[in-house]
Amino acid sequence: MSDKFYITTPIYYVNSAPHLGTVYCTLAADTIRRYQAMLGRRTLLVTGSDEHSQNVERAAKKKGLSPYDFSTELAAEFQREWNLFGIPYRFIRTSDPRHHETVQWLFGRCRANGYIEKGSYTGQYCFNCELYVNDAGPGDPCPDCQRPTETVTEENYFFKLSKFEKPLLELYEKQPDFVVPDYRMNEIISFVRGGLRDLSITRSNLQWGIPVPVEGHHVFYVWFDALISYLTAVRDEGWWPADVHLIGKDILRFHAIYWPAFLMAADLPLPRRIVAHGWILKDSVKMSKSRGNVVRPEPLRQVIGADPLRYFLLREIPFGQDGNFSYDALITRLNADLANGLGNLVSRTLTMIRQYRGGRIPAGTPDEAIRQQAEETIRAWRAAFDAFEFHRGLEQLWSLLGAVDKAIVAYQPWILAKKEDAESQAKLDTILSTAAEVIRIAAVLLAPVMPEAAQKIWSQLGMAGIVESERLDRLAWGGLGKDQAIGEVEAVFPRLDMAKTIAKIEQIDEAEAARIDALLGRAPAAESQPAWQRPEGVPPLAPEITIDDFARVDLRVAKVLAAERVKGADKLLHLTVDVAEEKPRTIVAGIAEKYAPEELVGRKVVIVANLAPRKLRGLVSQGMIVAASLENGPPVLVGPWEDVPVGARLK
RNA sequence: GCCGGUGUAGCUCAGUGGUUAGAGCGACGGUCUCAUAAUCCGUAGGUCGUAGGUUCAAAUCCUACCGCCGGCACCA
């Protein structure tokens, strides 16, 4: 087993400020790092900022800053957040000259090994998403943002990803836990089995990026930039390879396929594991800027504290799965588990020790059942944390705490205290020392999850030193000092009032939202009247066109003669339509989810009649049906209000 | 359409062949008093998605179907 442990979070895109999702990932990484440190390893957590992109260029311009200065402000915002959360980290910025060097160096190695090739590429590009849209035709909208794509031809450098199909599959086979959870590993395997295409890794249409060391104006594609920061951060220091790349499930493919392929091409060691977590949903709905339901972390931290938030996120959400966040669930769980559970147990135990034993933890014979359960809990905790199943470890520990609460009631120490016989006094010593010992063990186990609270409990128990310098691999029953004097007793987890707590969070959130808008250079919401907001699902207007542009589009009224489902496709209908031509046309339309074939026959619809034919599922579609829809909404067919002969042109 | 997962008490989930199917939370009733209106006890009566099948015995294995989730394909 290695004595070092290097973990990374993604480097976060400076397009937005930290939100609950990034905080979740970073807190989890911090917990894993602390856990590993308590196993005696040298540890390092790297996080950072991903700064090169056209979006950043644009946002900076809007704010009147250079991309670098804009990014500097945002990078500072991230660092500030991690500082406030008490997370030790090393921060890497992609704009750092050291990083530029590393990327160019890696490019050089891949090239020298024959895995880089020059080629040209023509495709539909979405400037908003900075993505090529596979298989899109001219004028097609972007699948993600619905904005129109533009036809772009670039001479680019390609990474020969296709050569790594086999090596990657061998890697996955040899290391089935390369990707965690296992169902994500399966997804990756089946994706790679489906074949890999070479990857264009340079762009010539932006400036704000890392220059490719060749003639021309190329910069590197974001993924042949961002991923490499994991390497830049620790070059020549012996930390590489990373032990864990902790990421969100949305960027798994880049980490599990591209990244190992880049490293193989450059003859470098591969990271040991890619661990993908799920998304946090707000009230069961995905968080997004357009929905305006993004949860800002600062108000939560300020009102309930970093530790309780850490506990909630790791306990409530089975790691790897999507999880739900709501104020109600948060406060309910914190009150139940932390205030009523752990906090109250510490409080009642220490109070009894003070009242019945003068503030000294008596040396007693342990309660055997509790001792056994405690030792089992330590084992289970280790197993759960090694497998990134934090919620299971926490669950186990809490059932131990519950057992202690039950035992206290069974022993009735308040009655024992009033009896003077030796047997009663011995029993009193047993329950008090047993409870105190469990609390000591809990403090050590919890230290990676709630470092501050664990330290408080540790000190209240009268333990000397720093709880995090304890070794989890040596943790066992019986670590209390003889006749140890306890410290000052104080509530560690105050009970939260649901309504007041939520009100406080929302109040702080208002100011925080405004501060972040200003930081990102977004229009500040006018004070008197709220800024107009585009209704959900309504896409922004396409760029202006002239009448001539419009005249090039030939829209015609057509009548559906026949309709049937297309085999092997959910969304496609095969339509035969009459457009007053010599022969009826075939049109393949993606409306099968909304319209049954039989209800279409005989209807008059509008088609784009002069669209270049396109092959879909083996059928040649000669045109496109006009339908209206919101983003991701069902299409609604458009037809004439009054009857009009087929073949009529729309102008 | 293909691949994978999943469907268990109001909620979140545990339970991979064998006594009357469990936990936590929430709710209701009761209790102790060491404790943060905490703890503890009891109650809540869930066709274990549906229909078949295998078996002495199935929530647990098999088949089909339905719902949901994810990936891919496909579309807009």
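A note on names: the letters A, B, ... follow the listed sequences, proteins ahead of strands, and every chain is numbered from 1.
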Undergrad: Any chance the rings of A/Trp223 and A/Tyr258 have centres within less than 6.0 Å?
TA: no
Undergrad: Salt bridge or not between A/Glu437 and A/Arg440? Use side-chain N to carboxylate O under 4.0 Å.
TA: yes
Undergrad: Pick the C1' atom in B/U39 and in B/G17, then give their distance to the nearest Å.
TA: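 These two C1' atoms come out 39 Å apart once rounded.
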Undergrad: If you take any heavy atom closer than 4.0 Å to RNA chain B, which residues from residues 344-372 of chain A end up in contact?
TA: A/Asn344, A/Ser347, A/Arg348, A/Thr351, A/Met352, A/Gln355, A/Tyr356
Undergrad: Could you state the CG-P distance from A/Leu338 to B/A38, rounded to the nearest angstrom?
TA: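 So the two atoms are 15 Å apart, to the nearest Å.
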Undergrad: Please report the distance separating the C1' of B/G22 from the corresponding atom of B/G46, rounded so that it comes out in whole Å.
TA: 11 Å
Undergrad: In this structure, are over 12 heavy atoms from other groups packed under 6.0 Å from A/Lys249 atom NZ?
TA: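 Result for NZ/A/Lys249: enclosed.
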Undergrad: Could you give the CG-to-P distance, from A/Leu416 to B/U33, as a whole number of Å?
TA: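 Value for this atom pair: 13 Å.
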Undergrad: Rounded to whole Å, how long is the line connecting atom CG of A/Leu342 with atom C1' of B/G24?
TA: 16 Å
Undergrad: Once you round it to whole Å, what is the distance between C1' of B/C2 and CD1 of A/Ile189?
TA: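 These atoms are roughly 17 Å apart.
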Undergrad: Atom pairs under 3.5 Å, N or O on each side, protein against nucleotides 26-29 of chain B: can you list them with distances?
TA:
none

Undergrad: Taking only residues at least two apart or on different chains, which pairs with a member in residues 393-440 of chain A satisfy ring-ring contact (aromatic ring centres under 6.0 Å, His included)?
TA: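 Counting only pairs at least two positions apart or across chains, the ring-ring contact (aromatic ring centres under 6.0 Å, His included) contacts touching residues 393-440 of chain A are A/Tyr311-A/Trp398.
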Undergrad: Sequence neighbours left out, what pairs pass salt bridge (Lys or Arg N to Asp or Glu O under 4.0 Å) with at least one residue falling in residues 416-430 of chain A?
TA: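 Of all non-adjacent pairs touching residues 416-430 of chain A, those that pass salt bridge (Lys or Arg N to Asp or Glu O under 4.0 Å) are A/Arg357-A/Asp429.
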Undergrad: Under 4.0 Å, heavy atoms only, any strand: does A/Gly194 hit a base, just the sugar-phosphate, or nothing?
TA: nothing
Undergrad: Pull out every residue in residues 407-415 of chain A that has a heavy atom closer than 4.0 Å to any atom of RNA chain B, ordered by number, or say none.
TA: A/Val409, A/Trp414
Undergrad: Counting only heavy atoms and a strict 4.0 angstrom limit, can you tell me which residues of residues 179-187 of chain A come near RNA chain B?
TA: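 Under 4.0 Å from RNA chain B: A/Arg184, A/Glu187.
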Undergrad: Could you say whether A/Gly343 or A/Lys249 is positioned toward the 5' end of RNA chain B, judged by the nucleotide with the nearest heavy atom to each?
TA: A/Gly343
Undergrad: Quote, to the nearest angstrom, the C1' distance that separates B/G49 from B/C68.
TA: 10 Å
Undergrad: Quantified in whole Å, what is the P atom distance between nucleotide B/A59 and nucleotide B/U43?
TA: 23 Å
Undergrad: Enumerate the side chain to side chain donor-acceptor pair (under 3.5 Å) contacts for residues 168-187 of chain A, please, sequence neighbours excluded, ordered by first and then second residue.
TA: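 Residue pairs passing side chain to side chain donor-acceptor pair (under 3.5 Å), neighbours aside: A/Asp177-A/Arg273, A/Arg184-A/Glu187.
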Undergrad: When the P atoms of B/G5 and B/G15 are considered, how many whole Å apart are they?
TA: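 Result for the P pair: 16 Å, nearest Å.
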Undergrad: Will you find, in the side chains of A/Thr31 and A/Arg310, an N or O donor that is under 3.5 Å from an N or O acceptor?
TA: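 A donor-acceptor contact under 3.5 Å links the two side chains.
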Undergrad: Please check if the number of heavy atoms outside A/Lys163 that lie under 6.0 Å from its NZ is greater than 12.
TA: no
Undergrad: Can you tell me how far the CD1 atom of A/Ile625 sits from the CZ atom of A/Arg603, to the nearest 0.5 Å?
TA: 9.5 Å
Undergrad: Can you tell me how far the CG atom of A/Leu461 sits from the CD atom of A/Gln484, to the nearest 0.5 Å?
TA: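 Answer rounded to 0.5 Å: 6.5 Å.
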Undergrad: With rounding to the closest Å, how many angstrom separate the C1' atoms on B/U12 and B/G26?
TA: 11 Å
Undergrad: What distance separates A/Leu401 CG from A/Gln396 CD, expressed to the nearest 0.5 Å?
TA: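 Answer for the CG-CD pair, A/Leu401 versus A/Gln396, is 11.5 Å.
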Undergrad: Take the protein atom CD of A/Glu389 and the nucleotide atom P of B/C13, then report the distance between them rounded to whole Å.
TA: 14 Å
Undergrad: Let me know the distance between CZ of A/Phe312 and C1' of B/G24, rounded to the nearest Å.
TA: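 About 14 Å, once rounded to whole Å.
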Undergrad: From CZ of A/Arg315 over to P of B/C13, roughly how many Å is that when rounded to an integer?
TA: 11 Å
Undergrad: Taking for each residue the nucleotide of RNA chain B with the nearest heavy atom, is it A/Ala339 or A/Glu395 whose nucleotide lies nearer the 5' end?
TA: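 Closer to the 5' end of RNA chain B: A/Glu395.
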Undergrad: Got a second to check how far A/Met463's CE is from A/Ile361's CD1, nearest 0.5 Å?
TA: 8.0 Å
Undergrad: For RNA chain B, just give me the dot-bracket, please: Watson-Crick or G-U, both distances below 3.5 Å, ( ) intra-strand, [ ] crossing earlier pairs, | paired with another strand, . unpaired.
TA: ((((((((.[[[[.)..(...]]]].((((.........)))).....[[[[[..)....]]]]])))))))....
Undergrad: To the nearest 0.5 Å, tell me how far A/Ile370 CD1 sits from A/Ile431 CD1.
TA: 6.5 Å
Undergrad: Tabulate below the donor-acceptor pairs under 3.5 Å that side-chain atoms of residues 346-354 of chain A make, not counting sequence neighbours, or state none.
TA:
unit_1	atom_1	unit_2	atom_2	d
A/Arg348	NH1	A/Asp405	OD1	2.5
A/Thr349	OG1	A/Leu345	O	2.7
A/Thr351	OG1	A/Ser347	O	2.6

Undergrad: Side-chain donor-acceptor contacts of residues 323-330 of chain A below 3.5 Å, not counting sequence neighbours, with atom names and distances?
TA:
unit_1	atom_1	unit_2	atom_2	d
A/Asn324	OD1	A/Asp283	N	3.3
A/Asn324	OD1	A/Ser284	N	2.5
A/Asn324	ND2	A/Ser284	OG	3.4
A/Ser326	OG	A/Ala329	N	3.0

Undergrad: Any side-chain N or O of A/Lys406 under 4.0 Å from OP1/OP2 of B/C41?
TA: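 Affirmative; the distance criterion is met.
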Undergrad: Taking atom P in both B/A38 and B/G29, compute the distance separating them and give it to the nearest angstrom.
TA: 14 Å
Undergrad: Output the rounded distance in Å from CG (A/Leu281) to P (B/C11).
TA: 17 Å
Undergrad: Sticking with atom C1', work out how far B/C56 lies from B/C25, rounded to a whole angstrom.
TA: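 One C1' to the other, the span is 40 Å.
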Undergrad: To the nearest 0.5 Å, how far apart are CG in A/Asn335 and CE in A/Met498?
TA: 7.0 Å
Undergrad: May I have all residue pairs that pass ring-ring contact (aromatic ring centres under 6.0 Å, His included) and include part of residues 364-395 of chain A, sequence neighbours excluded?
TA: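 Listed once each, the pairs are A/Tyr35-A/Phe385, A/Phe319-A/Phe390, A/Trp381-A/Phe385, A/Phe385-A/Phe390.
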Undergrad: Can you run down the salt bridge (Lys or Arg N to Asp or Glu O under 4.0 Å) pairs that involve residues 365-376 of chain A, sequence neighbours left out, and say none if there aren't any?
TA: A/Glu368-A/Arg371, A/Arg371-A/Glu375, A/Glu376-A/Arg379
